[in-house]
Number of protein chains: 2
Amino acid sequence: MTEQPTADAPREQDFLRLDGQICFALNAASRAFGGLYRVVLKDLGLTYPQYLVMLVLWEHGELPVKELGHHLRLDSGTLSPLLKRLEATGLIRRERSAEDERSVHVSLTDEGVALRTRAVEVPRRIAAATGFELTEIRDLQTRLNKLTAALDAAAPEV
Amino acid sequence: MTEQPTADAPREQDFLRLDGQICFALNAASRAFGGLYRVVLKDLGLTYPQYLVMLVLWEHGELPVKELGHHLRLDSGTLSPLLKRLEATGLIRRERSAEDERSVHVSLTDEGVALRTRAVEVPRRIAAATGFELTEIRDLQTRLNKLTAALDAAAPEV
DNA sequence: GGCCATTGAGTTGTGCACAACTTAATCGTG
DNA sequence: CACGATTAAGTTGTGCACAACTCAATGGCC
């Protein structure tokens, strides 16, 4: 591995510079989005993770917690309390499955279904705020998904 | 604005699909990185946000909390307890400034300085795990920084 | 000099992420 | 059928992110 002090191959000491860390750029962008969503979602009475849960339910309808977690990459440790809060606000129902008593099915209440019509505004408001072209967004998204897949694949062997 | 059902201009109902949300891709990638760092940083006894603080201190030396927060986009509400934990592990010192008693200066202990030699491994192990070319990483990073800047600029007016 | 707005840290409360664990239901195999 | 392994959800504990707040120090301005 040849390492010369160029833009593409930084010197040894540069590896620990904060502004050279892709993860920090990712983290910062993610939090910046969070701030934006917090403002936009306030009207709907949702936090950002709660909004993601609602997206999945609007798209797929009733689902066991396990499936929900698969879509969102979240485990029951995160979802259980979050779903309880959503149930408390009256947007979803949680019911033990009759066929398999281990599993809990999550479904939308009428109120939860109704919220969708108010939520269609959200993506457009967010997209407008980024000021990015849609093609650029899609491209970025493709790369990020590739990156996530690579990280997931690498995780077990690190 | 013309909207036709092509790949670049999805139909109305597709706007609420989870897999169409750039923020989710970002969020997922960020958490996937988090999992990787958790494993790698375990040896150093650091969490990922603590590692970021150490990066800034290794790069800039002694800094007031305010400056640290500026680099990391974090406020005192997040930093104060985090810095206390780092102080408790003996990696940093926190000292009230003599010139301005409102401000607290954060500096590295000998132990904190020494940790750097063990940390130089981290970025390479992470980079290896991504399996991405360095140029691709840099490109992605540039776009993310642009995105973050756009979001920050948009935030006040949303 | 006196007064008030501003500033920097810290505290409190809420919610999320995740590891480690518990509990109960189900499955598989002899 | 019995019994150990597996599975799904939930609980507990730690740490981070952030809003809203407190408190003390500072600075500006009359």
Side-chain angles (χ1 to χ4, degrees), chain A residues 23-24 26-39 41-42 45-54 63-70 72-89 92 94-106 152 155, chain B residues 23-24 26-39 41-42 45-54 63-70 72-89 92 94-106 152 155:
Chain A
C23 53
F24 177 68
L26 210 52
N27 189 303
S30 183
R31 286 189 289 123
F33 255 121
L36 213 54
Y37 273 96
R38 200 166 299 118
V39 177
L41 291 176
K42 202 170 185 180
L46 293 174
T47 66
Y48 176 62
Q50 288 168 6
Y51 170 70
L52 294 182
V53 167
M54 295 302 287
L63 282 176
V65 173
K66 164 96 178 179
E67 283 295 311
L68 207 48
H70 180 71
L72 298 169
R73 300 166 162 271
L74 291 172
D75 66 6
S76 68
T78 300
L79 282 175
S80 285
L82 191 159
L83 293 174
K84 277 191 176 178
R85 282 186 283 271
L86 276 181
E87 189 180 38
T89 66
I92 66 164
R94 287 156 65 244
E95 292 159 324
R96 287 264 158 208
S97 162
E99 309 89 62
D100 186 343
E101 295 256 333
R102 290 172 303 180
S103 117
V104 168
H105 288 245
V106 181
D152 281 348
Chain B
C23 54
F24 177 68
L26 211 51
N27 188 304
S30 184
R31 286 189 287 122
F33 255 122
L36 214 55
Y37 272 98
R38 199 166 300 118
V39 177
L41 291 174
K42 201 170 185 178
L46 293 174
T47 66
Y48 175 62
Q50 289 167 6
Y51 170 70
L52 293 183
V53 167
M54 295 303 286
L63 282 176
V65 172
K66 164 95 177 182
E67 282 296 310
L68 207 46
H70 181 71
L72 298 168
R73 297 165 163 274
L74 291 172
D75 65 7
S76 68
T78 301
L79 283 176
S80 286
L82 191 158
L83 293 173
K84 277 191 178 180
R85 282 187 283 270
L86 277 181
E87 188 181 38
T89 66
I92 66 166
R94 286 158 65 244
E95 291 159 326
R96 287 266 157 206
S97 163
E99 309 89 61
D100 186 341
E101 293 256 332
R102 289 172 304 180
S103 123
V104 167
H105 288 244
V106 182
D152 281 350

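Below, chain A is the first sequence line, B the second, and so on; all start at residue 1.
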Quiz item: Can you list the residues that meet the side-chain contact (heavy atoms from CB on, under 4.5 Å) rule with A:Arg94, with sequence neighbours excluded?
Solution: A:Leu83, A:Lys84, A:Glu87, A:Ile92, A:Val104, A:Val106
Quiz prompt | Partners passing side-chain contact (heavy atoms from CB on, under 4.5 Å) against B:Glu101 (at least two apart in sequence or in another chain) | solution = none
Quiz item: Which part of the nucleic acid, if any, lies within reach of B:Thr47 when heavy atoms closer than 4.0 Å are counted: base, sugar-phosphate only, or nothing?
Solution: sugar-phosphate
Exercise. Check the pair B:Met54, B:Leu86 against side-chain contact (heavy atoms from CB on, under 4.5 Å), reporting the backbone distance first and the verdict last.
Key: CA-CA 9 Å; B:Met54 295 303 286; B:Leu86 277 181; 4.3 Å; yes
Figure out the [atom1]/[atom2] separation between [X] and [N], and round it to whole Å.
X: A:Leu63; N: D:dA9; atom1: CG; atom2: C1'; answer: 15 Å
X: B:Leu41; N: C:dC18; atom1: CG; atom2: P; answer: 15 Å
X: B:Leu74; N: C:dG10; atom1: CG; atom2: P; answer: 14 Å
X: B:Lys42; N: C:dA20; atom1: NZ; atom2: C1'; answer: 11 Å
X: A:Tyr37; N: C:dG15; atom1: OH; atom2: C1'; answer: 18 Å
X: A:Leu83; N: C:dG15; atom1: CG; atom2: C1'; answer: 14 Å
X: A:Leu36; N: D:dC18; atom1: CG; atom2: P; answer: 13 Å
X: A:Glu99; N: D:dT7; atom1: CD; atom2: C1'; answer: 16 Å

Practice problem: Select from A:Arg73 and A:Ala98 the residue whose nearest nucleotide in DNA chain C is closer to the 5' end of that strand. | Solution: A:Arg73
Look at the side chain of [X] and the backbone N and O of [Y], then say whether any donor-acceptor pair between them is shorter than 3.5 Å.
X: B:Arg73; Y: A:Arg31; result: no
X: A:Asp75; Y: A:Thr78; result: yes
X: A:Arg38; Y: A:Thr47; result: no

Quiz item: Can you give one letter per nucleotide of nucleotides 2-9 of chain C, going 5' to 3': B for a protein heavy atom under 4.0 Å from the base, S for sugar-phosphate only, - for none?
Solution: -----BSB
Self-check item: Intermediate values then yes/no, side-chain contact (heavy atoms from CB on, under 4.5 Å), B:Leu26 and A:Leu26
Solution: CA-CA 7 Å; B:Leu26 211 51; A:Leu26 210 52; 3.9 Å; yes
Quiz item: Toward the 5' end of DNA chain D, which comes first, B:Pro49 or A:Leu79, by nearest nucleotide?
Solution: A:Leu79
Self-check item: Residue whose closest nucleotide on DNA chain D lies nearer the 5' end, A:Arg31 versus A:Thr78
Solution: A:Thr78
Quiz item: Nearest of D:dA19, D:dA17, C:dA19 to any side-chain atom of A:Arg38?
Solution: D:dA19
